[in-house]
Novice: 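First the structure, which I've put down as structure tokens, then a few questions once you've had a look.
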There are 2 protein chains.
Amino acid sequence: MYRPLARLSAAEAVFNAIRGDIESELIPVGSKLNSEATLSQQYGVSRSVIREALRSCTALGLTVTRTGKGTFVVASKVANDLTLGQYSARDLTEARPHIEVPAAGLAAERRTPEELDVLRGIVAAMATETDPESWVALDSSFHATIARASGNRVFASVVADIRDALAHQSETLNMVADRQHASDVEHQEILAAIEAGSAENARAAMAHHLEAVGVALDSILNN
Amino acid sequence: MYRPLARLSAAEAVFNAIRGDIESELIPVGSKLNSEATLSQQYGVSRSVIREALRSCTALGLTVTRTGKGTFVVASKVANDLTLGQYSARDLTEARPHIEVPAAGLAAERRTPEELDVLRGIVAAMATETDPESWVALDSSFHATIARASGNRVFASVVADIRDALAHQSETLNMVADRQHASDVEHQEILAAIEAGSAENARAAMAHHLEAVGVALDSILNN
DNA sequence: GCTGTCCGGCTGTCTGACAGGTTCACGCCT
DNA sequence: AGGCGTGAACCTGTCAGACAGCCGGACAGC
């Protein structure tokens, strides 16, 4: 009575199998999948098919693959903010300096006294904040406020988007513990430059800060 | 001042490029991508890399690939119900008969007079309904009511899930125009069997209905 | 004890090949 | 002339084998 639909391709079948194992947590988050060669033998298909299946898992954010090491499970289910979180950590880290550094320079020249007050308040609050999530929220405000203080609506809007995306990434939180104190110091330097009205120093301080953050994120992504 | 993150693999780079073209609607929805061999030449990489990149697009629901025909753009952005819409049209069509057919049989034996009234009302409404979306909603109610009438909470729950997922798929709507009248007739036959208390006839009528729907969906998926 | 080097394992990519699905035009038959 | 089958061209799906580059650990030398 029942006629099946078109056959699944081998790659789809393997993808379904692996995805099922991951979503059922049969393969727990954090663990390493078998090597492509091993999976190839296990499923009785060529390595090309395995790679395409893993590529699907990676596209859905279930796994990450690192050259020379293997493929690792990073989530047991598909994140539902795949749409909104359209920026990858790499995209963000790469783009930030190009936007936030010039924005900091403009902010040093154009900031109002009120904006300075806000920034001082944020920096002070961060120094005593111990909860990582709250600290990240303050960090977002700090950078967003500087972008607004640049007087350029494009910078303000883009930085707001970037901060929003960053706040939704687990790497951000993982990084806080190591970077919190260092970031506080760097923030103070940025603030000082903006207070002094030195665009050059503000750009340098912001560049230094983002560089350090980028390095930290990089090491987390490749550990 | 700025050190880039780890290089993107060729497959990731090509994926980003194609995804960008799709999301910017530079490659409009409905159009066909160049063949894998052609893309291979265009991007200067091997066909394997192209296939992995396209596999990523397909995993995100941006494209579908059909053997012997090519790869087609089906969405300009990643759907945000990738999580919820965890069932593919294929999954649904494949599973439905195994659940709804026995449920119809049980419903014929266990339905209450009140449930019969509800079903009659739905069938009557569908016969005069012209708006496709409203018709689909009634269709969902019809199948869900039968599942509830089976007296088996598992069937009721599963069918509700299935109907919910189906209602969110564009293929469902595309199919209505062609199938509406035929489905109305088939629904009447199912209702008649359930009214008569004939489990055998109810199963047969439901099986026939789902078979016809499956064929229609199949032709849409492979047109 | 520390360091540097080497090796085995793994991913990233390429090449070439063949099977099977799809389309279309050409030519044959009616 | 019109319908029909058939084959050629093109496309995706899969396979096997190969090699470069990255990574981790073992092992020898200082």
Side-chain angles (χ1 to χ4, degrees), chain A residues 3-18 27 30-59 61-74 88 90 218-223, chain B residues 3-18 22 27 30-59 61-74 88 90 215 218-223:
Chain A
R3 183 187 45 79
L5 288 179
R7 291 179 294 280
L8 285 84
S9 68
E12 286 172 311
V14 172
F15 163 61
N16 281 338
I18 296 178
I27 307 178
S31 62
K32 176 180 171 301
L33 267 58
N34 290 334
S35 74
E36 295 172 356
T38 304
L39 289 172
S40 169
Q41 288 188 334
Q42 289 179 354
Y43 285 101
V45 295
S46 74
R47 217 185 117 206
S48 321
V49 170
I50 297 294
R51 281 187 61 80
E52 289 186 23
L54 294 181
R55 184 64 72 176
S56 294
C57 290
T58 298
L62 295 175
T63 59
V64 296
T65 298
R66 285 200 270 270
T67 307
K69 298 176 74 173
T71 301
F72 301 82
V73 180
V74 295
S88 67
R90 172 182 287 137
D218 205 13
S219 75
I220 286 183
L221 291 177
N222 299 322
N223 63 346
Chain B
R3 183 188 45 78
L5 289 177
R7 291 179 294 282
L8 286 85
S9 67
E12 287 172 308
V14 172
F15 164 61
N16 281 338
I18 296 179
I22 292 175
I27 307 179
S31 63
K32 176 180 171 299
L33 267 59
N34 291 334
S35 74
E36 294 172 356
T38 304
L39 289 172
S40 169
Q41 288 188 332
Q42 288 178 355
Y43 285 100
V45 295
S46 74
R47 217 185 116 205
S48 322
V49 170
I50 297 294
R51 281 186 62 80
E52 289 186 23
L54 293 181
R55 185 63 73 178
S56 294
C57 291
T58 299
L62 295 175
T63 60
V64 297
T65 297
R66 285 200 271 271
T67 307
K69 297 176 76 172
T71 301
F72 300 82
V73 180
V74 296
S88 67
R90 171 183 286 138
V215 171
D218 204 14
S219 73
I220 285 181
L221 292 176
N222 299 321
N223 62 348

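First the proteins, then the strands, lettered A, B, ... as listed; each starts at 1.
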Novice: In whole angstrom, what separates A:Ile50's CD1 from D:dG17's C1'?
Specialist: 17 Å

Novice: Excluding sequence neighbours, so at least two apart, what forms side-chain hydrogen bond (donor to acceptor under 3.5 Å, both in side chains) with A:Thr71?
Specialist: A:Thr65

Novice: Any chance you could list the contact pattern along nucleotides 10-18 of chain C? Use B for base contacts, S for sugar-phosphate-only contacts and - for none, protein heavy atoms under 4.0 Å, 5' to 3'.
Specialist: BBBBBB-B-

Novice: Could you list the donor-acceptor pairs under 3.5 angstrom formed between side-chain atoms of residues 38-45 of chain A and any protein atom two or more places apart in sequence or on another chain?
Specialist:
{"from": "A:Thr38", "atom 1": "OG1", "to": "A:Ser35", "atom 2": "OG", "distance (Å)": "2.9"}
{"from": "A:Ser40", "atom 1": "OG", "to": "A:Val45", "atom 2": "O", "distance (Å)": "2.5"}
{"from": "A:Gln42", "atom 1": "OE1", "to": "A:Asn34", "atom 2": "ND2", "distance (Å)": "3.3"}

Novice: With sequence neighbours excluded, tell me which residues meet salt bridge (Lys or Arg N to Asp or Glu O under 4.0 Å) with B:Arg55.
Specialist: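 Partners of B:Arg55 by the salt bridge (Lys or Arg N to Asp or Glu O under 4.0 Å) criterion, ordered by chain and then number, come out as A:Glu52.
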
Novice: Return the set of residues passing side chain to side chain contact (heavy atoms under 4.5 Å, CB included) with A:Val64 (not counting sequence neighbours), or none when no residue passes.
Specialist: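 A:Val64 satisfies side chain to side chain contact (heavy atoms under 4.5 Å, CB included) with A:Arg66, A:Phe72, A:Val74 only.
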
Novice: Does any pair with a residue in residues 33-48 of chain B pass salt bridge (charged side-chain N to carboxylate O under 4.0 Å, His left out), and if so which ones, sequence neighbours excluded?
Specialist: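 Residue pairs passing salt bridge (charged side-chain N to carboxylate O under 4.0 Å, His left out), neighbours aside: B:Glu36-B:Arg47, B:Glu36-B:Arg51.
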
